[in-house]
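This report refers to the structure that appears directly beneath it.
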Amino acid sequence: HLVESGGGSVQVGDSLRLSCTASNLPKTRYVLSWFRQFPGKQREFLAGLDWIGGSTDYADSVKGRFTMSRDNTAHTLLLQMNSLKPEDTTVYYCAARLTNLINGDANAYAYWGQGTQVTVSS
């Protein structure tokens with residue numbers, strides 16, 4: 001249902017844009033969100049979008065550096081990540097929940113992509 005792409009290896013201060021393409025989700029309102037997960041840690045909420053209503057939410061840790069946008073035609077959620085730091089290195093996931101309410105708890109999401117690796121080198 002969800003396929004991420006756009007990860008890779010970059011240098012400190014560089015930018016990356018991640019993509020999450022959604023398909024075959026039930027025909028209801030839903031939220032698409034971005035998470036990341038560091039080894040041994042729970043998945044961390046980064047940003048979310050109510051796909052129909054358009055409301056967004058960002059974690060304080062990424063406000064001002066990460067920005068979501070959307071490609072309605074391609075049914076794709078984008079995450080522009082700027083000023084990347086070595087501590088941003090990890091796997092990034094896209095997730096969906098069948099409601100219009102953005103939730104920062106990973107357990108609230110039923111659909112997950114396979115993840116995409118982001119590596120930032122100093």
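Side chains are part of it too, since the values below use all heavy atoms of this structure and drop only hydrogens, waters and symmetry mates. Position 1 is the first residue of the sequence, and the numbers go up from there.
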* List the steps and the verdict of side-chain contact (heavy atoms from CB on, under 4.5 Å) for Glu44 and Ser61. => CA-CA 10 Å; Glu44 173 190 356; Ser61 59; 3.4 Å; yes
Separation of [Y] [atom2] from [X] [atom1] (nearest 0.5 Å):
| X | Y | atom1 | atom2 | value |
| --- | --- | --- | --- | --- |
| Leu77 | Ser69 | CG | OG | 7.5 Å |
| Cys94 | Leu46 | SG | CG | 11.0 Å |
| Leu84 | Ser9 | CG | OG | 11.5 Å |
| Asp71 | Cys20 | CG | SG | 12.0 Å |

Evaluate the side-chain proximity of [Y] to [X]: yes if any heavy-atom separation is below 4.5 Å, no if none is.
| X | Y | answer |
| --- | --- | --- |
| Gln80 | Ser15 | yes |
| Leu18 | Val118 | yes |
| Thr56 | Tyr58 | yes |
| Leu78 | Met68 | no |
| Val12 | Pro86 | yes |
| Leu2 | Leu32 | yes |

Say whether, by atom type as modelled, one donor and one acceptor occur between the side chain of [X] and the main chain of [Y] under 3.5 angstrom.
| X | Y | result |
| --- | --- | --- |
| Thr89 | Val120 | yes |
| Thr116 | Gly7 | yes |
| Arg29 | Asn100 | no |
| Ser83 | Gly13 | no |
| Tyr93 | Glu4 | no |

* **Near-ring test Trp34/Phe66, centroid separation under 6.0 angstrom** => no
* Taking atom types as modelled and ignoring hydrogens, do the side chains of Tyr92 and Arg36 form a donor-acceptor contact shorter than 3.5 angstrom? -> yes
* **Side-chain H-bond candidate by donor/acceptor type, Thr99 with Tyr30, under 3.5 Å** => no
* Asp57: side-chain contact (heavy atoms from CB on, under 4.5 Å) partners, not counting sequence neighbours -> Phe45, Ile102
* Any ion pair linking Lys85 and Asp88 (charged N to carboxylate O, less than 4.0 Å)? -> no
* Quick one: which residue pairs count as a side chain to side chain donor-acceptor pair (under 3.5 Å) with a foot in residues 17-26, not counting sequence neighbours? => Thr21-Thr76
* Kindly give the heavy-atom pair with the smallest separation between Pro39 and Thr90, and that separation in Å. => CD-OG1, 4.4 Å
* Asked: Which heavy atom of Ser33 sits nearest a heavy atom of Val31, and at what distance?
  -> OG-CG1, 3.4 Å
* Measure from NZ or CZ of Arg70 to the centre of the six-membered ring of Trp51 and say whether it is under 6.0 Å with the direction within 45° of the ring axis. => yes
* Asked: Side-chain heavy atoms under 4.5 angstrom apart, residues restricted to Ile, Leu, Val, Met, Phe, Trp, Tyr: same cluster for Leu101 and Ile52?
  -> no
* Asked: Can you list the residues that meet the ring pair (Phe, Tyr, Trp, His ring centres under 6.0 Å) rule with Tyr111, with sequence neighbours excluded?
  -> His1
* Whether over 12 other heavy atoms sit under 6.0 Å from Gln117 CD -> yes
